[in-house]
Amino acid sequence: MTVTTITDTELQPKDFASDQEVRWCPGCGDYAILKAVYKALAELGARRERTVFVSGIGCAARFPYYMSTYGFHTIHGRAPAIATGIKLANPELDVWVMTGDGDGLSIGGNHMLHVLRRNVDLQIVLFNNEIYGLTKGQYSPTSRRGTKSPSTPRGSVDYPVSACAFALGAGARFVARSVDTLQPHLVGVLRRAHAHRGASFVEVFQNCVVFNDGAFDAFTLREGAADTQLHVEHGKPLMFGAGKNRGLRLKPGKLELEVVTVDEAGVTLDDLLVHDETNRALAALLVSLEPPAFPVALGVIYCNPAPSFEAEVYTQIQAAGAARTGQGAPDLAELLRSDEGTWTVS
Amino acid sequence: MTVTTITDTELQPKDFASDQEVRWCPGCGDYAILKAVYKALAELGARRERTVFVSGIGCAARFPYYMSTYGFHTIHGRAPAIATGIKLANPELDVWVMTGDGDGLSIGGNHMLHVLRRNVDLQIVLFNNEIYGLTKGQYSPTSRRGTKSPSTPRGSVDYPVSACAFALGAGARFVARSVDTLQPHLVGVLRRAHAHRGASFVEVFQNCVVFNDGAFDAFTLREGAADTQLHVEHGKPLMFGAGKNRGLRLKPGKLELEVVTVDEAGVTLDDLLVHDETNRALAALLVSLEPPAFPVALGVIYCNPAPSFEAEVYTQIQAAGAARTGQGAPDLAELLRSDEGTWTVS
Amino acid sequence: MIRFAGDSGDGMQVTGGRFTIETALAGNDLTTFPDYPAEIRAPAGTTFGVSAFQIHFGAVDVMTPGDEVDVLVAMNPAALKVDLRDLRLGGTLVVDTGAFTERNLAKAGFPANPLADGSLARYQVLKLDITKLTLEAVKPFGLTTRDAHRCRNMWALGLMLWMYGREREVTIDWLKQKFARRPEIAEANVAALNAGHAFGETAEMSEYGSGYTVRRAPVTPGVYRTVSGTEALAWGLLAGMRGAGLERMLFAGYPITPASLLLHTLADLSRYGVTTFQAEDEIAAIGAAIGAAYAGAIGVTSTSGPGMALKTEMLGLAIATELPLVVVNSQRAGPSTGMPTKAEQSDLFQAVHGRNADAPLAVLAAATATDCFEVAMEAVRLATKYMTPVVLLSDAFLAHAAEPWRIPDPDELPRFPVRFRTDPAGFHPFLRDPTTLARPWAPPGTPGLEHRIGGLEKDYDTGHISYDPENHARMTRTRAAKIAGIANDIPLQSVALGADPGALAVVGWGSTYGAIHQAVRRAREEGVDASHVHLRYLNPFPRNLGDLLKRFDRVLVPELNAGQLVHLLRAAYLVPAESLSKVEGKPFKVSEILEAIRGARAP
Amino acid sequence: MIRFAGDSGDGMQVTGGRFTIETALAGNDLTTFPDYPAEIRAPAGTTFGVSAFQIHFGAVDVMTPGDEVDVLVAMNPAALKVDLRDLRLGGTLVVDTGAFTERNLAKAGFPANPLADGSLARYQVLKLDITKLTLEAVKPFGLTTRDAHRCRNMWALGLMLWMYGREREVTIDWLKQKFARRPEIAEANVAALNAGHAFGETAEMSEYGSGYTVRRAPVTPGVYRTVSGTEALAWGLLAGMRGAGLERMLFAGYPITPASLLLHTLADLSRYGVTTFQAEDEIAAIGAAIGAAYAGAIGVTSTSGPGMALKTEMLGLAIATELPLVVVNSQRAGPSTGMPTKAEQSDLFQAVHGRNADAPLAVLAAATATDCFEVAMEAVRLATKYMTPVVLLSDAFLAHAAEPWRIPDPDELPRFPVRFRTDPAGFHPFLRDPTTLARPWAPPGTPGLEHRIGGLEKDYDTGHISYDPENHARMTRTRAAKIAGIANDIPLQSVALGADPGALAVVGWGSTYGAIHQAVRRAREEGVDASHVHLRYLNPFPRNLGDLLKRFDRVLVPELNAGQLVHLLRAAYLVPAESLSKVEGKPFKVSEILEAIRGARAP
Ligand SMILES: Cc1ncc(C[n+]2csc(CCOP(=O)(O)OP(=O)(O)O)c2C)c(N)n1
Ligand SMILES: Cc1ncc(C[n+]2csc(CCOP(=O)(O)OP(=O)(O)O)c2C)c(N)n1
Ligand code: SF4
Ligand code: SF4
Ligand SMILES: [Mg+2]
Ligand SMILES: [Mg+2]
């Protein structure tokens, strides 16, 4: 185990790398995400000793071993519960939850629901490769219908869950999306997630080269990206396209989005929807967009902060007249005295 | 155990009652729901021997004991998983899942997510009393912030989950709402749920007279109900109010609903939103409406059918050339012959 | 022994509680046991709705709620129906005739009125219209009929206090203070109490005289109170946290009968350094406790059978990552949902063996309500000193049972300060203390000790992931040795009562302490050479246990299960221990154990 | 014994598989064991990426993958690094010098080239540029370099087949058929195969001659194939379903190493009446299986340690509701995540004792790959006949190990038809069969049998909910008696090898069968009076087991855990059984057991 001693000088991305050899398949999207996290941490001046990476089980979940911070590789699907305990014991810590589509949405869906609804101050990064990588390629709850896998040789028949739609339904107050290969974008999204107090949910489309290669090519390939990706920005019109002239608007009178081209058929810039991070309904519509008919929405789709769980818990405890620490707290003797009455034997 | 013998004559509501004494607290909303279920089953001509009620643990979950059908009182939170197994073993059965806000959304949230997304053909009735009744009154994931309970003597600090918003986020294709005391309405909703092939999610606001009495008075009390309840109907404008003249419309240009009064400030009927059961975005907006600013939406809020899970599974199995039954299936001998080659020793 | 029984709404628990205090004040030793209705609130007047409270007291230490009831106070027909079976022949039965209406009789399922049909001939029956007498007594205060009716329990209490020559002052003060904001209610209750007492004094009652008065029991000097097992457990955990010098305890639980009480009790103690967290399920609850332990707090979770089952995988993680955790299991009757409100001791196998792989941890059990305090402190000590999860076994009976307790002076409580690792030199997370074999506790936030832990096997020398065969064998041996080593850090097993060596060792654990102790005492009075050995440490066993048991001709193991400790003892020491099993969801009766002792004595 | 080792991409599993068939065809008895890299695909050429396949064969029945390797084929430096340690001194080492490039050496972590630095002096090293020789051989077919490179394994196979005087025909046919759509690939592979074989014939190789040829083993006549433990288990479950006369099996699982293989295998068999369901987690998986059992199908679920832990609560429900269920546990090294790909036998305690409350069920274990077939059928028989969950213990080793198997004629398979209850007269769901004590199976859909079941305790006589104390005791006794009664319905325990009575009984269970058997045989050859007793039934034990063991002076229990069966035997029979424990995530070596036998023999 490396002993990293603190320097007062700024930490560089590489300073967040542990001495452990990274063991993902060559070409795995996880490498890019790891790189982005190193960069984001360095940029926001994170302290290794105050940072904790918590994960469940899966390829994605190996993440903590590659960090020079504190790390807890827990069990399958339970990282949010353990991270909640860490924050409740020490709210000062900066806690990240790294999870996969199976870890976070299959076995771990319930903890994900509750950590989001409680709004515990965590950064939750879900590596969505639409497959179970570590166990060699079975389909996952995010796999599209018809996915052929060792457990579904004739193709899966169940309908996939949308990670972001689920998060919004669970009451998440920060929902964002990025892609493993979009380095600067991903770093930016991670920084926004970190800045948000409360549970920040980030879905990263991640390519599993071995068991689900190219699953996201439809919108992640460089060529055509301009037409298949919608980069949302608060207060800016929802526009995309190589020609920078296509956008989204509400179908007149209907609660549906449609793609329009500015300066065509009398459509003007003012007809386009302007992105409002704080509007949950808009967020729900945006995350439901799918190619080919629509571009895929990326960036901070929803951000609507409220006091975080652990903060509220301690506010209440202080209000109850607690001393800062258990040791400093009122004497036990007082507690042991009974409200139902005591008696003395001499 | 009663032995109920089948008559060919139509079954009456009372025919669905078991011989077991009902043991909920006097005045509990569960009695009304039980009554509504008896009525609905009778009306839709259900057969006792083909009907199964599956539940977890809780006051609500005692339900199966009071039915003369088949019933399985399972363990806390797991009814959807067991019901899925029942449907996979025998798709002909008519299976109901009766659950509570703790059973279905606290410990059972993950199974609820997956049974909804898979669209298993079940009627799922969630008795939401915003409290843990059976364990004597602790707050639940649907309890409002500040709920004082034995486990939160100073009031709860976490944000509640909205049962219907969660169901929609999970990909449910039928989401409806009713109230224990609204007998005819509840019966109607249950019949719609039964008619829907796939997972039907029904939230029933249920009054726990002992631990959370009056939790829903704001919109369930007879007086004022017209102004606090919005009864949605597919294809009809979203209207409510004692004067039958108030309605909902989209704030111009915005993705937000507002209450308007027809024939006031130039608002006409055409300005009102028309309910479209098949629009998920509208459904999401409707379930988020809360008093006092808005009425509470009741009825079938979303219904957008698709092939159900167990049906798809068997379609695929038949396509794979299966005989109807395991016994009729091709001979094992064929299977045991190896594709890697066999050899004979004589 | 007295039992107050009535409808849930009749306030029997309060009545019993007050009688307890007055009795304790009178210097009697006692134990009490409340018997609530099952989980669901049942319709008033029905047998499912009966609530009872029982007090067993005497001159010298009383440890069981007793076998047979001497005096039964039945406030309605349902209570009579349910509780009569426990009244000894010739016992006294006090009934409120006012509550024996047609309707109530029907609800209780009495075809005919038992007060009329002579079916109670075998008891001394006191038929009193307590309802009417109470209503008269409280008339002056102009209460609603409902409130007036509510004073019935105080009338009954007054009568009982008179019967046993007890005082009323403390109760009167308590009533005044309790209803401070509604003086008329206070006054009415006091009036009812006095009326009941006065009624006792009147002629008609003389034959019951004060013959019931009981000699004082000798007790150690100090300030006393009554305490329930749940309270003692909660405070013991806090005292443990203090003893370990820790800043905070995270108590994470999910409601379940009968464990919820502990959550409720601790939820009120946030001022003392405990943070309570109601999780979405038992898995999340223990998960949060493990996270807290990792972060430097003492993690505690509490549940009962079904919830314990759900914690299995997380316990494995706590064992693999070697984090300090206390898991309280209030055992109830099973399998599965079983009988949620009934006590059983059937989770011992699960505690000791119930995990995948070789996954040892420490297991302790509390014997009495007051013992819960010490066992809880000990659990925290072992968890933090050995960096291990500790399972503390309680049960539905201990959770509710209450006893008088000498309040300890906080300064006399043990201290076992934790030392967090801070020195980076030579650090790795599985570097072990040579004596305890515990790994260092280095919570996040400590500069220079950044490290990663997890459920995969780790290298003994570096703490990194390792799939090396020999290393896994070494780590498995070490995990086992660490827990086994606890045996050197706990008291040698002593004999609670009786000779050593001897003819018969009656070996128990947990809440059967009182019944076994009484049975052994009576057996010895009968001249039977029996001794009582009671285990607090179930894994590891005290290191002298094997030799101790081998010094007895026979070993009898009474348990509220199908024979679990007896199995573990036979495997560990090859002693032909015999099982005395009871699985009725109820404590042993002294007589049941006494009979078995007599039987076992016979060669 | 031969081991083929190379990079994951080098096709070592195929090579081994083909060699296996040709060897079996030659009439040798054999066992094989594949050794895949750990879960994550590692970079090519690194030691984590090494994939190996081992075949142990000889004249008479061979049951272990053997201790030491006689011939090691190392296709790259990493393979040499990882597998050399198992090559016996003086063993033959075949290396592809073409793969010993600077880069590969570095990746494998060799400072210097071992082929050059004389570090291999203690072995017979055959340095062959298999890469170059292959590329030449396949040149005519104009493949891409990548495809051409892929033929290396066939070249190596050809050489080995020559060494052991094996045929090539079957393999050649198989290649042609496998690459039917790409004849050039087929041709190239055949060419490589022949080239390797031809190479063997050439002078330089003569000294290795055909000295390796092994005598035929005597085998029962019939049609044979090789079968892995997983395949045998899958087919056994199907055969069990047929035997029970059931229409359908619901197999519900959640992927986990090494259990996933069974899910994959059954997913392909839907035509035979099995519906597979990948659930959201292990709890839902067993839940679905229970639901299916309730609905009249045989419910099966499969997992490994951590998943087994999660199923604990549901197992309690299956026990309380008495539904037929088979739970397959492919044991792996723990605790917690442990070493997911490594074998261990450490979940026995969990299977027998690992639940809250007194919750007995049947526990079986498979001994060999082919035994999996029979044990699976037996599990279905017991589950349906006794209406109980049955835990079937396998492990990571059995899941992959393969053996030749005489394909049974389906007509010779046992039949044990289930009779569903249809008669309403006198029905209640817990009405028991007087002999088996099993309750009736009355699936929904049956007119007139509508009933409710659940996890609460039920009345023995009506099946309704009951909190009655005596009833709970009776139900607890009955549940135990039902499982105990299975002992009357299973074969008496026999001695697999050796005398009875005797001096030493070596008692095993599960996949250690082969190693123990070999060790006992050798010990007996040395004149040691040792006998091999191997248990298939771990709960209940065969009813003669106690007497059997008591007829031996000593009992030695080798297990791949810290001593679990030995504990159960001591508790059950008070026999001073001794433990031989190995927890290295690897099978026993025959020599390890043999030594222990020699030691145990010494008085
Ligand atoms: C309780 C439990 N069940 C199952 C597993 C096996 N398992 C490990 S990772 C995994 C799924 C991994 O998929 P995902 O979360 O998408 O991560 P990825 O490998 O794709 O990054 C499974 C099923 C386990 N380790 N523990
Ligand atoms: C595994 C497990 N954990 C906890 C419990 C205790 N328990 C029973 S019901 C319940 C919650 C009930 O609340 P809800 O589902 O809302 O039903 P209600 O009683 O309000 O109708 C709990 C926590 C249990 N029976 N099993
Ligand atoms: S299996 Fe897929 S997800 Fe896992 S490391 Fe390899 S490429 Fe990445
Ligand atoms: S506790 Fe509440 S929910 Fe439960 S039965 Fe009573 S009133 Fe109904
Ligand atoms: Mg994945
Ligand atoms: Mg509720």
Side-chain angles (χ1 to χ4, degrees), chain B residues 1-6 18 20 48-52 54 57 64-65 67-75 78 81-90 92-93 110-111 113-114 313-314 316-317 320-323 325-327 329-333 335-338 340-346, chain D residues 17 21 24-25 170 174 219 221-226 235 238-239 241-242 245-250 252 270-273 275 277 279-281 283-284 287-292 294-297 299 313 317 407 410 424 427-429 444-448 450-456 462-464:
Chain B
M1 197 57 44
T2 27
V3 173
T4 39
T5 37
I6 300 308
S18 75
Q20 294 298 291
R48 284 180 298 212
E49 74 276 16
R50 301 245 265 86
T51 307
V52 186
V54 184
I57 303 285
Y65 292 114
M67 303 298 302
S68 64
T69 64
Y70 280 91
F72 199 163
H73 180 228
T74 70
I75 53 180
R78 316 299 176 185
I82 286 171
T84 299
I86 293 173
K87 281 298 270 190
L88 282 172
N90 183 355
E92 261 95 74
L93 296 172
N110 200 37
H111 307 304
L113 155 64
H114 291 283
V313 166
Y314 282 95
Q316 190 177 67
I317 289 178
T325 76
Q327 295 301 315
D331 194 302
L332 276 183
L335 168 64
L336 302 191
R337 242 171 278 114
S338 164
E340 294 284 302
T342 63
W343 64 94
T344 310
V345 176
S346 41
Chain D
I21 301 250
L25 287 167
V170 180
W174 176 78
V219 275
V223 180
Y224 281 73
R225 61 164 298 160
T226 55
W235 303 337
L238 270 181
M241 180 190 84
R242 298 285 180 100
L246 293 170
E247 307 269 290
R248 181 152 299 285
M249 173 198 314
L250 178 68
S270 52
R271 296 169 49 239
Y272 296 88
T275 302
F277 171 54
E280 58 269 31
D281 63 17
I283 300 176
I290 288 173
Y294 173 68
E313 188 196 7
L317 178 67
I407 302 174
F427 168 80
H428 77 74
T446 317
E450 295 83 359
H451 65 275
R452 276 65 55 193
I453 61 172
L456 289 165
T462 66
H464 290 314

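All values below come from the heavy atoms of this structure, side chains included, with hydrogens, waters and symmetry mates left out. In the text below, chain A, chain B and the rest are named by the order of the sequence lines, each starting its count at 1.
- With sequence neighbours left out, the salt bridge (Lys or Arg N to Asp or Glu O under 4.0 Å) criterion links D:E313 to no other residue.
- Contacts of B:L88 with chain D are made by both backbone and side-chain atoms, with heavy-atom separations under 4.5 Å.
- Two residues are said to be in side-chain contact when any heavy atoms from C-beta on lie closer than 4.5 Å; B:H73 and D:R452 fail this criterion.
- A donor-acceptor distance shorter than 3.5 angstrom exists from the side chain of D:E450 to the backbone of B:E49, with no hydrogens or angles considered.
- When all heavy atoms are compared, the tightest approach of B:L93 to D:G445 is CD2-N, 4.0 Å.
- Taken from CD1 in B:I82 to CG in D:L317, the straight-line distance is 5.0 Å, to the nearest 0.5 Å.
- Contacts of B:E92 with chain D are absent, with no heavy-atom separation under 4.5 Å from either backbone or side chain.
- Put simply, the side chain of D:R225 does not reach to within 4.5 Å of the side chain of B:R337, judged on heavy atoms.
- Relative orientation of the B:Y70 and D:H451 rings is perpendicular, given thresholds of 30° and 60° on the angle between their planes.
- Each of D:A289, D:A284, D:A297 has some count of heavy-atom pairs under 4.5 Å with chain B, and the biggest count is that of D:A284.
- When side chains are defined from C-beta on, B:V54 does not count as touching D:Y294, because their heavy atoms never get closer than 4.5 Å.
- In this view, D:T275 and B:Y314, D:R248 satisfy the side chain to side chain donor-acceptor pair (under 3.5 Å) rule, not counting sequence neighbours.
- Using a 4.5 Å cut-off between heavy atoms, D:P444 contacts chain B through both its backbone and its side chain.
- The candidate with the highest count of non-hydrogen atom pairs below 4.5 Å against chain D, out of B:Q316, B:H111, B:Q20, is B:H111.
- The contact between D:I453 and chain B is made by backbone and side chain atoms together, counting heavy-atom distances below 4.5 Å.
- Ranked by heavy-atom pairs under 4.5 Å with chain D, the first of B:R78, B:K87, B:R50 is B:R78.
- Annotation: maximal heavy-atom pairing with chain B below 4.5 Å, among D:G455, D:A295, D:G222, D:G454, occurs at D:G222.
- Listed options B:N110, B:N90, B:T69, B:T344 were ranked by heavy-atom pairs under 4.5 angstrom with chain D; first place goes to B:T69.
- Atom CG of B:L336 is separated from atom CH2 of D:W235 by 6.0 Å, given to the nearest 0.5 angstrom.
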